**Q** 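Sharing a structure, written as structure tokens. Questions coming.
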Amino acid sequence: HHKSTYLNMMRTQVVKLARAVPRQTTRSFSVAAFRAAEGDIGGTRSGGSASSDAFNKREQANENYFIQQREREALKALREKLAAQRKHLDELDKHVEELTKEHGGEQH
């Protein structure tokens, strides 16, 4: 009985973690796609095509830097969340081992 309870708790934690990871990753990349598309809309600047190109390249570089920073932050948050989940799973494992020892081993 304890083993099935443990497996259900473990399955719930894994499902929660699996659901959390894609949502964060998808959100990060959808922001990146939106940001990259913004530069495509503007018209030509008054300084001629050469200064316009330089401005657009600089603007695109700034946007790319911003996007990379956001993605790094999202990845760091995911790693921290994953570490917390692993710690929680380790605690559950330890608890199950203690219960197993108390009851003289697994019984079916």
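Since the structure is predicted, the reported quantities are computational estimates derived from the model, not experimental observations.
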**Q** Applying side-chain contact (heavy atoms from CB on, under 4.5 Å), can you list everything that pairs with E91, at least two apart in sequence or on another chain?
**A** K87, H88
**Q** Between Q68 and N64, is there a side-chain donor-acceptor contact under 3.5 Å, judged purely by atom types and distance?
**A** no
**Q** Just so I know, are the side chains of L89 and L92 near enough to count as touching, which here means a heavy-atom distance under 4.5 Å?
**A** yes
**Q** Hey, what do you get for CD (Q60) to CG (D53), rounding to the nearest 0.5 Å?
**A** 12.5 Å
**Q** Can you list everything that forms a side-chain contact (heavy atoms from CB on, under 4.5 Å) with R58? Sequence neighbours excluded, please.
**A** F55, N62
**Q** Rounded to the nearest 0.5 Å, how far does CG of L99 lie from NE2 of H95?
**A** 4.0 Å
**Q** I'd like to check the side-chain contact (heavy atoms from CB on, under 4.5 Å) partners of Q69; sequence neighbours left out, ordered by chain and number.
**A** Y65, R72
**Q** Check whether any side-chain heavy atom of D90 lies under 4.5 Å from a side-chain heavy atom of K94, and answer yes or no.
**A** no
